[in-house]
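These notes are about the structure you will find just below.
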Amino acid sequence: MATRKRQTWLFKSEPNVYSYADLERDGRTHWDGIRNYQARNLLRDDVKEGDGVLFYHSNAKPMAVAGVARVVREAYPDASQFDPKSKYHDPKSDPGDPTWLMVDIAPVAACPESLTRDALKDEPALAEMMLLRRGSRLSIQPVSAREWKRIMTMAGIRDA
DNA sequence: GCCAACGTTGGC
DNA sequence: GCCAACGTTGGC
């Protein structure tokens with residue numbers, strides 16, 4: 001059986017909702033609340049334990065890659081879809097065949113504050129990044145090996 | 001606060 | 001199945 005190469009991702013979070021500092025405090029977290037089919041399919045099919053994650057702060061000042069995380073548990077049903085009190089409640093989801101999934105992630109290393117969206121935009125090697133394309137709303141995005149390497153270099157993180 | 005870019009919903 | 005209306009995301 002061939003060894004799967006680790007893949008890398010970018011997860012968006014609004015830091016006033018859940019920040020990288022919150023993840024460091026918690027030690028690990030359920031990445032719940034994904035309610036977009038494209039993102040769900042990535043979680044279901046492609047995001048695997050050990051994969052690298054760029055923890056991106058969206059709708060923030062500054063917008064930035066705040067830290068690096070790692071997938072510590074692969075996709076399983078997102079409990080919040082069955083919780084009527086949750087803002088992520090989905091009454092259409094069948095408990096026998098849950099619509100929405102989540103993964104668990106844990107922190108690896110914080111990034112320097114200089115790793116902002118503007119800094120990424122100024123980097124020619126990252127010109128093709130999905131994050132920087134207009135209208136890119138997907139909350140879970142693939143990051144290429146080259147992009148990942150470049151960003152680790154910018155962050156001064158040796159291996160993550 | 002604005003609004004472009006999408007995704008979803010629902011009438012037909 | 002089409003598509004207009006609506007809601008959300010998220011950068012600016």
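A note on names: the letters A, B, ... follow the listed sequences, proteins ahead of strands, and every chain is numbered from 1. This structure is a prediction, so every number in the text was calculated from the model and none was measured.
A salt bridge links A:Arg25 with A:Asp22: the closest approach of a Lys/Arg side-chain nitrogen to an acidic carboxylate oxygen falls below 4.0 angstrom.
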| What string of B, S and - do you get for nucleotides 6-12 of chain C 5' to 3' if you count protein non-hydrogen atoms under 4.0 Å? | -BBBBBS

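The hydrophobic cluster analysis finds A:Leu101 isolated: no Ile, Leu, Val, Met, Phe, Trp or Tyr side chain comes under 4.5 Å of it, directly or through other members. When hydrophobic side chains of Ile, Leu, Val, Met, Phe, Trp and Tyr are connected at separations under 4.5 Å, A:Trp100 ends up clustered with A:Tyr37. In the hydrophobic clustering, A:Tyr76 connects to A:Met102, either directly or through intervening members, whenever side-chain heavy atoms lie under 4.5 Å apart.
Among residues two or more places apart in sequence or in another chain, the side-chain hydrogen bond (donor to acceptor under 3.5 Å, both in side chains) test is passed with A:Glu14 by A:Asn59. For A:Asp26, the side-chain hydrogen bond (donor to acceptor under 3.5 Å, both in side chains) test picks out A:Tyr18, with sequence neighbours left out. For A:Asn41, the side-chain hydrogen bond (donor to acceptor under 3.5 Å, both in side chains) partners are A:Arg44, not counting sequence neighbours. Checked against side-chain hydrogen bond (donor to acceptor under 3.5 Å, both in side chains), A:Arg117 has the following partners two or more places apart in sequence or in another chain: A:Tyr56. A search for side chain to side chain contact (heavy atoms under 4.5 Å, CB included) contacts involving A:Thr153 returns A:Arg150, not counting sequence neighbours. By the ring-ring contact (aromatic ring centres under 6.0 Å, His included) test, A:Tyr20 pairs with A:Phe55, sequence neighbours left out.
For residues 30-45 of chain A, proximity to DNA chain C is found at no residue, defined as any non-hydrogen atom under 4.0 angstrom from a strand atom.
DNA chain B forms stems at B:1-12 with C:1-12, each a run of 3 or more consecutive Watson-Crick or G-U wobble pairs whose two key distances fall under 3.5 Å.
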